[in-house]
2 protein chains.
Amino acid sequence: MKTLQTLPLNQILQGDCIEMMNSLPEKSVDLIFADPPYNLQLGGDLHRPNNTKVDACDDHWDQFDSFKAYDDFSKAWLKAARRILKDDGTIWVIGSYHNIFRVGVTLQDLGYWMLNDVIWRKTNPMPNFRGRRFTNAHETMIWCSKSEKAKYNFNYEAMKAFNDDVQMRSDWLLPICNGGERLKDDAGQKAHPTQKPESLLYRVIMASSKPGDVVLDPFFGTGTTGAVAKKLGRNFIGLERETDYIKVAEKRIKAIKGTVDTSLLTTPAKRQAPRIPFGTLLERGLLEPGTTLTDIKGRYQAKVRADGTLSAANFRGSIHQVGARVQNAQACNGWTFWHMEKAGNRVCIDELREQVRAEMAS
Amino acid sequence: MKTLQTLPLNQILQGDCIEMMNSLPEKSVDLIFADPPYNLQLGGDLHRPNNTKVDACDDHWDQFDSFKAYDDFSKAWLKAARRILKDDGTIWVIGSYHNIFRVGVTLQDLGYWMLNDVIWRKTNPMPNFRGRRFTNAHETMIWCSKSEKAKYNFNYEAMKAFNDDVQMRSDWLLPICNGGERLKDDAGQKAHPTQKPESLLYRVIMASSKPGDVVLDPFFGTGTTGAVAKKLGRNFIGLERETDYIKVAEKRIKAIKGTVDTSLLTTPAKRQAPRIPFGTLLERGLLEPGTTLTDIKGRYQAKVRADGTLSAANFRGSIHQVGARVQNAQACNGWTFWHMEKAGNRVCIDELREQVRAEMAS
DNA sequence: CCTTAGGTTGAATCCGCTT
DNA sequence: CAAGCGGATTCAACCTAAG
């Protein structure tokens with residue numbers, strides 16, 4: 001394939017992303033966002049407790065024979081990406097624990113310079129239905145410049161303003177893509193198994209590019225990168241193999257007016273009210289397993305367990321449940337009911353919670 | 001160095017961690033927590049805006065010539081760790097973007113099986129003074145079993161109880177170690193550059209070990225792993241090279257009272273409860289042959305037979321088989337699916353089983 | 001028009017003992 | 001050792017239908 005003389009802006013190019021990137025002029029792209037196959041290694045079917053089957057991502061493009069095969073693939077496309085990236089451009093790659101460590105090593109070995117790893121914390125992840133692991137509630141993005149000395153672009157002030165005037169952190173809380181934003185095919189099924197939310201791309205593009213820049217996505221899918229680039233006044237180039245995805249993406253992007261949807265600014269910025277589980281007091285050493293708690297008069301007693309529950313005679317449960325049970329009441333606010341002995345006085349455990357909140361606010 | 005016959009429990013062993021691990025008997029350790037050197041490639045000194053110098057992690061043990069050297073080091077210690085780990089044990093490794101990707105690949109290449117990556121979100125991270133990147137507000141832990149098929153230990157119920165009865169997620173919000181918890185040397189300087197908070201280890205040890213287990217930390221430092229292990233009724237083995245750290249750690253751990261009543265340290269799981277055959281309910285007169293059971297909505301029906309099976313139209317079998325068949329589902333937990341009429345209400349038969357279990361316990 | 005109840009769904013390396 | 005089967009396991013958000 002011969003090298004193109006001019007950049008094919010705001011288009012989706014069909015084909016293998018490595019060949020396509022090799023056909024583009026070198027040092028011509030300001031920003032690359034890549035959502036490569038994760039190489040999930042799934043076993044059999046997975047059912048929810050209500051017996052419905054989870055619609056797994058088992059597409060052919062996500063299958064690799066070995067770690068070696070995946071690494072070879074990563075090296076090939078990241079090398080091609082590096083050639084077309086401007087010297088002061090940056091690249092983002094997203095992945096999960098299945099693949100992100102291998103991608104990270106490949107990035108480092110090719111000479112990219114890591115600026116941050118950024119955690120996308122999901123407000124609404126899929127639970128762990130079998131109770132065998134922690135809920136897999138995040139994905140990881142790696143953000144790199146082309147080399148250690150590169151003068152990359154980072155819109156620090158914009159990110160800070162975006163984040164209520166405190167520095168944007170490396171962990172971002174955003175919902176997964178569902179509801180009206182989730183693209184469906186003619187049969188009403190999801191058009192792509194792993195469509196990313198626009199809010200995620202909004203922050204990426206806002207942080208690391210300028211209006212008029214060229215943003216390239218080598219695994220374009222249904223075109224979230226292109227859609228947000230257009231909304232934010234950037235040019236995009238999408239590379240994609242599958243005809244079905246391209247059709248959906250073209251229709252999607254065509255429908256977008258180049259103006260900013262301000263809802264994207266407000267929705268993700270909402271701050272979480274910090275909930276403090278009782279167990280937090282234990283792991284922070286403010287209480288110890290085995291401590292005896294009483295009500296303010298000392299009439300009722302319970303012992304603190306290491307898992308953050310309480311034990312009373314023949315009963316075990318949360319501070320609220322046990323508080324209700326010992327009083328023979330319907331309900332109880334355990335935070336205000338239970339007290340601990342401290343220097344001869346009874347101190348309400350809610351004071352300990354206040355202490356934790358104060359630490360978290362600082 | 002010859003192989004020790006018995007495990008040196010609740011001690012700190014001085015020396016190179018690879019040699020020390022090789023001297024321990026194989027498959028003898030339940031849990032490994034490792035905080036290896038980070039290979040921070042800091043060019044020049046970092047200064048705060050007020051021109052004070054940041055006390056960066058520049059100790060001699062934290063310098064490596066190249067990625068290759070770091071990978072060789074990782075491979076060596078993770079291989080030694082693998083030998084001493086029990087087949088159903090697990091390992092945690094913590095790191096930042098400087099090293100965690102390389103550690104992750106080494107883990108995978110050695111045959112460890114990733115269970116989760118867990119993000120430690122810091123409530124109070126060091127800001128990015130230069131405003132050139134996102135605030136580096138997290139570190140990453142990788143949790144692995146020894147192999148894909150291993151029957152590792154995960155205290156799911158304890159973690160859920162700890163988190164106010166919702167599944168524990170893969171992102172943990174915890175403060176960094178400072179204040180009174182931060183150990184100081186005689187000159188009032190921090191005794192270790194990267195002391196981890198006890199809260200972090202509390203969750204790790206609670207989640208993935210049992211009271212009485214052996215927890216090994218090959219980069220023991222000032223002994224956070226040992227301190228928390230002791231508090232939670234686990235045995236520890238600490239490996240450390242530096243005499244100064246060992247002194248601090250020994251003093252620290254000696255001052256800790258070991259725990260308490262181990263019944264307060266474990267959360268019983270339903271999975272471990274004694275199995276009660278459905279027929280037991282008949283034997284004990286809690287149900288009678290001929291009783292009609294329904295699902296909670298009353299849509300499906302079956303009759304109880306004297307042999308402890310159920311009869312539905314044209315089908316007979318266990319409570320699970322019949323529950324699955326009537327719903328046309330792959331599988332069904334009959335205990336939670338089937339209900340009986342009692343004083344005008346539908347009562348789940350699982351309550352009858354609970355009654356039997358309570359009787360058996362007393 | 002509203003509220004509420006019920007159903008659906010999401011990048012998932014998701015069981016273990018007995019025969 | 002493979003097959004069989006008992007039975008343990010879910011959270012937030014959105015959609016639709018019913019009231």
Side-chain angles (χ1 to χ4, degrees), chain A residues 35-59 61-64 67 94-100 120 122-140 173 175-182 184 188-190 192-197 219 221 267, chain B residues 88 108 112-117 143-145 147-152 154 156-157 160 163-170 269-273 275-278 296-297 308 317-324 330-338 349-350 353:
Chain A
D35 182 13
Y38 286 11
N39 189 26
L40 299 183
Q41 294 157 50
L42 305 177
D45 289 344
L46 179 65
H47 292 85
R48 299 184 182 81
N50 67 3
N51 270 331
T52 58
K53 189 175 159 216
V54 173
D55 182 15
C57 177
D58 51 5
D59 301 72
W61 47 255
D62 200 49
Q63 313 291 326
F64 291 83
F67 285 139
I94 186 168
S96 66
Y97 68 86
H98 311 84
N99 70 322
I100 197 64
W120 169 27
K122 303 179 184 183
T123 58
N124 48 351
M126 195 192 313
N128 187 291
F129 295 117
R130 302 301 292 264
R132 303 299 301 169
R133 304 179 177 195
F134 299 100
T135 305
N136 199 355
H138 73 275
E139 295 188 26
T140 300
L173 181 66
I176 62 174
C177 180
N178 62 8
E181 187 186 333
R182 188 75 190 226
K184 303 286 179 8
Q189 300 299 303
K190 57 189 177 191
H192 191 281
T194 68
Q195 186 183 341
K196 294 294 176 287
F219 307 97
T267 308
Chain B
D88 58 353
Q108 288 180 319
Y112 287 101
W113 189 249
M114 282 187 191
L115 300 169
N116 279 112
D117 59 337
W143 181 41
C144 292
S145 65
S147 67
E148 180 177 357
K149 301 295 179 196
K151 305 297 174 214
Y152 60 91
F154 175 51
Y156 172 76
E157 293 78 10
K160 190 172 170 176
N163 195 39
D164 283 359
D165 284 328
V166 287
Q167 288 190 338
M168 186 71 84
R169 297 168 40 116
S170 57
K270 213 169 178 185
R271 288 178 172 93
Q272 297 157 2
R275 202 174 79 81
I276 311 287
F278 178 66
I296 189 146
K297 297 261 174 88
S318 72
I319 54 172
H320 314 295
Q321 291 166 338
V322 175
Q330 288 266 334
C332 169
N333 182 345
W335 287 109
T336 52
F337 180 74
W338 293 111
I349 60 170
D350 206 25
R353 181 171 61 163

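Scope of the values below: all heavy atoms of this structure, side chains included, with no hydrogens, waters or symmetry mates. Proteins get letters first, then strands, A, B, ... in listed order; numbering begins at 1 in each.
Phosphate proximity of D:dA8 to A:Arg130: absent, as no side-chain N or O sits under 4.0 Å from OP1 or OP2. Remark: A:Thr52 is not in phosphate contact with C:dT8, judged by side-chain N or O atoms under 4.0 Å from OP1 or OP2.
A:Tyr38 has its OH atom 15 Å from the P atom of C:dG10, to the nearest Å. In this structure, CZ of B:Arg275 is placed 13 Å from P of D:dC5, rounded to the nearest angstrom.
Among the atoms of the strands shown, base atoms are found under 4.0 Å from some heavy atom of A:Pro125. Heavy atoms of A:Ser96 sit nowhere under 4.0 angstrom from any nucleic acid atom. In this structure, B:Gln167 reaches the sugar-phosphate backbone alone: every heavy-atom distance under 4.0 Å involves primed, P, OP1 or OP2 atoms, never a base. Nucleic acid contact class of A:Asn136 (heavy atoms, under 4.0 Å, all strands): sugar-phosphate only. Nucleic acid contact class of A:Asn51 (heavy atoms, under 4.0 Å, all strands): none. Among the protein residues, A:Pro36 comes within range of the nucleic acid bases, having at least one heavy atom under 4.0 Å from a base atom.
Cation-pi check for A:Arg130 over B:Tyr156 is not met; the charged atom does not lie both under 6.0 angstrom from the ring centroid and within 45 degrees of its normal.
Of the nucleotides present, C:dT19 is the one that pairs with D:dA2 by Watson-Crick or G-U wobble criteria, both distances under 3.5 Å. Nucleotide D:dG7: unpaired (no Watson-Crick or G-U wobble partner with both distances less than 3.5 Å). Of the nucleotides present, C:dT9 is the one that pairs with D:dA12 by Watson-Crick or G-U wobble criteria, both distances under 3.5 Å.
The residue among A:His192 and A:Gly43 whose nearest nucleotide of DNA chain C lies closer to the 5′ end is A:His192.
Of the possible donor and acceptor atoms, none in the side chain of A:Asn128 sits under 3.5 Å from a partner among the backbone N and O of B:Gln167.
Below 30°, between 30° and 60°, or above 60°: for B:Trp335 and B:Phe278 the angle between ring planes is above 60°, a perpendicular geometry.
Looking only at atom types and distance, the side chain of A:Ser96 has no donor-acceptor partner in the side chain of A:Glu139 under 3.5 Å away.
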